[in-house]
Amino acid sequence: MAFVQFSRVSLAFGPREILKDVTVNLSSKTKAALAGANGSGKSTLMKVLAGFIPPDTGERAVEKDTRIVYLPQSGIIHKGETLINEVSRAFEAGEEILKKMDEIGGKLKDRDLDEKKTSFLLEEYHRLQSELEESDWNQREILMEKVLVGLGFQKEDFNRLTDEFSGGWQMRIALAKALLKSPHILLLDEPTNYLDLEARNWLEKWLNNFKGGFLLVSHDRYFLDTTVREVYELFNGELRHFTGNYSDYEKFRIEENRQMVKRYQEQQEEIKKNEDIIRRFRYKATKAAMVQERIKKLEKMEKLELPEHLKKIHFSFPQAPKSGRIVLQLENLTKSYGERLVIDNLSFTLEKNEKLVVTGKNGAGKSTLLRILAGVDKNYSGKVTLGSGVLPGYFSQDSGETVSGHESILEALESSSPLELIPKLRDMLGAFLFRGDDVFKSLDVLSGGEKSRFALLKLLLTPVNLLILDEPTNHLDMASKDVLLDALKNFDGTVVFVSHDRGFIQEAATSVLELKSSRENSLGTGCTAKYFPGNYSYYLEQIEKDLQENVVSGKKEELQGKTLGNYQQEKQKKSLKRKLEKEEELLLQEIDRLECELKELKEFLSKKDVYSDSVKSREVQEKITEKENEIQEATARWEKAAGELEEFQNLY
């Protein structure tokens with residue numbers, strides 16, 4: 001089995017220890033997330049695992065022929081090739097095999113070869129041939145199209161030069177190449193940063209079907225919950241392992257944090273008590289020994305710290321000014337870019353206190369609609385009317401570009417925030433990842449992500465009653481998203497937003513506006529919009545229901561054209577039904593058996609002589625992971641079989 005193993009790995013940058021005696025094993029069965037606060041060293045650890053950064057101490061062992069593919073967060077640019085040619089480089093290993101086979105073929109033409117040499121070359125040729133057949137070489141054209149379309153590219157993009165694509169699309173190209181290299185172990189650092197919702201959903205399915213192992217860094221909780229089965233946490237240079245998905249890890253960690261907070265408070269009390277004694281008796285000769293003992297005790301004490309990314313900070317908006325029940329109305333709104341129709345004759349009414357998410361694929365007009373609602377884009381036909389007393393505030397993906405000046409972050413916010421919020425600014429800045437001395441940074445020296453977070457926070461501190469937010473979570477970590485989410489839920493105004501974070505959408509949205517471009521419209525012309533008066537789950541249920549009705553309707557029409565009344569066809573139908581029922585029953589029995597075995601393993605792991613023995617516990621944990629994989633695979637097969645049976649029963 002392919003694996004990469006690290007033992008007691010340490011790494012320091014100057015006086016700062018990034019990794020302290022880290023031990024980790026990744027295999028082709030690993031489905032894991034890497035968690036930790038911003039700046040904890042997650043990306044550095046990924047680079048060490050990939051072999052890009054050598055550690056100061058420790059050992060790295062890799063099974064022979066193990067393919068490890070690493071995708072960084074950003075910084076990859078492609079030039080000078082068409083999209084399809086660039087992505088085809090993922091199959092360079094197949095081309096190398098073909099070259100070796102050609103070389104062997106040339107040598108075999110030599111009539112002076114002895115029998116032993118000929119036999120050796122033939123064996124090598126057949127080995128390479130088998131390796132090529134087992135790879136995806138023969139399916140590369142189909143796979144490239146599948147991956148590129150899944151990541152949001154159009155077929156007409158395939159022959160465009162890579163130079164024409166923006167930074168976000170450049171990273172999608174890099175992600176496509178990484179997936180197509182058929183790695184045994186995949187290391188992905190923030191792979192969802194540049195993906196829209198559809199592409200994220202596609203990547204989720206791809207990872208769930210992936211035969212190899214992977215380690216992910218992501219700030220998308222829903223994405224992690226649907227893809228990983230274990231979590232590694234990097235905190236203060238130390239790496240800990242947790243079983244379960246990301247939400248399971250958070251529950252466990254929050255409970256552990258409660259205990260840690262209790263111990264931290266007790267330690268602070270002890271420190272204060274000792275410091276008071278030292279201060280009181282420092283200059284009394286009769287108490288010198290006692291004072292020295294207390295000083296040594298404080299020096300030896302291991303100070304407790306709380307993981308920054310799991311601290312819960314609460315954020316409240318300023319009181320929203322009152323507005324009328326109708327917040328805005330659109331009448332026959334139409335927007336085009338040249339000959340390209342983006343929004344066609346859209347009429348819509350938004351009411352007070354709605355939290356409306358605008359969904360749709362790339363190019364459907366989501367960001368364009370938000371710019372129009374915010375009054376930034378006035379080049380359209382139709383009518384946009386704000387309701388009585390409505391004060392809009394707008395955040396876009398480009399808002400950070402307007403941030404500049406020599407004043408510090410803290411000074412800039414203090415000068416523009418309501419007086420009652422100024423005492424809370426440091427906590428709010430911490431919630432948006434400006435911690436410690438960061439708050440004194442000049443606006444001019446901030447990175448693009450920092451400027452974007454500053455612009456968002458500044459808007460949220462402004463008294464408005466209509467928030468228009470385009471991708472507000474792009475530069476936030478998990479804890480910051482939670483802070484923003486709680487604030488939006490409690491906001492007494494109205495929100496219109498676009499997001500590619502499904503978990504955030506699910507929690508924040510109370511209604512959905514779906515936009516479809518002309519090429520998605522089943523009629524083939526015009527752009528459509530449909531309003532769903534419910535949360536995101538309701539929206540997904542409705543579109544799934546519509547899809548199923550269309551599929552069943554199409555099958556019924558097909559069946560109406562056939563004669564099913566004769567005996568032979570009825571017999572075949574009954575036979576097929578029995579087969580489907582038997583298959584479903586056997587799979588349920590298999591799942592029950594596997595779950596019993598999993599329960600036994602977990603009970604075995606809970607025994608003290610097992611969990612206290614690192615070797616035994618690791619072996620049992622590996623068996624638990626394998627059993628969970630088997631259950632997931634069996635469940636997927638059962639869901640498919642049950643779906644086929646239900647569809648058969650509905651049709652007949």
Would you confirm whether [X], through its side chain, and [Y], through its main-chain N or O, come within 3.5 Å as a donor-acceptor pair?
X      : Y      : value
Thr510 : Lys355 : yes
Ser452 : Gly448 : no
Thr82  : Asn85  : yes
Ser336 : Glu339 : no

Please give me the minimum heavy-atom distance between [X] and [Y], naming the atom from each residue.
X      : Y      : answer
Asp225 : Tyr246 : OD1-N, 3.1 Å
Leu459 : Gly393 : CD1-CA, 3.6 Å
His475 : Leu433 : O-CD1, 4.0 Å
Glu471 : Ser499 : OE1-CA, 3.6 Å
Leu346 : Ala529 : CD1-CB, 3.4 Å

In chain order, what residues pass the side chain to side chain donor-acceptor pair (under 3.5 Å) check against [X], with sequence neighbours excluded?
X      : answer
His184 : none
Thr494 : none
Lys79  : none
Ser88  : none

Closer than 4.0 angstrom, basic N to acidic O: yes or no for [X] and [Y]?
X      : Y      : answer
Glu145 : Lys155 : yes
Lys489 : Glu507 : yes
Arg221 : Asp501 : no

Worksheet entry | Selection residues 197-213 - residue pairs positive for salt bridge (Lys or Arg N to Asp or Glu O under 4.0 Å), sequence neighbours left out |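 Non-adjacent pairs meeting salt bridge (Lys or Arg N to Asp or Glu O under 4.0 Å): Arg200-Asp220.
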
Practice prompt. Scan for salt bridge (Lys or Arg N to Asp or Glu O under 4.0 Å) pairs involving residues 81-92, sequence neighbours excluded, and state none if there are none.
Written response: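 Listed by first then second residue: Glu81-Arg89, Glu86-Arg89, Glu86-Lys177.
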
Worksheet item: With a 4.5 Å limit on heavy-atom distance, are the side chains of Leu197 and Ile505 in contact?
Response: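 Yes, side chains in contact.
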
Discussion item. Any heavy-atom pair between the side chains of Asn201 and Arg502 that's under 4.5 Å?
Written reply: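 In short, these two side chains touch, coming nearer than 4.5 Å.
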
Discussion item. Classify the ring geometry of Phe210 against Trp206: parallel below 30°, tilted from 30° to 60°, perpendicular beyond 60°.
Written reply: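 Aromatic pair Phe210/Trp206 classed parallel.
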
Any residue meeting ring-ring contact (aromatic ring centres under 6.0 Å, His included) with [X], in chain and number order, not counting sequence neighbours:
X      : result
Tyr232 : His241
Phe165 : Phe153
Tyr70  : Phe52
Phe491 : Phe317

Worksheet entry | With Asp470 via salt bridge (Lys or Arg N to Asp or Glu O under 4.0 Å) - residues at least two apart |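 By the salt bridge (Lys or Arg N to Asp or Glu O under 4.0 Å) rule, Asp470 matches no residue at all.
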
Worksheet item: Which pairs, with at least one residue in residues 42-51 and sequence neighbours excluded, count as a side-chain hydrogen bond (donor to acceptor under 3.5 Å, both in side chains)?
Response: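 Only Ser43-Gln73, Ser43-Asp189 qualify under side-chain hydrogen bond (donor to acceptor under 3.5 Å, both in side chains).
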
Worksheet item: Within 45 degrees of the axis of the six-membered ring of Phe235 and under 6.0 Å from its centre: does Arg240 put its NZ or CZ there?
Response: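 No, Arg240 does not sit over the ring of Phe235.
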
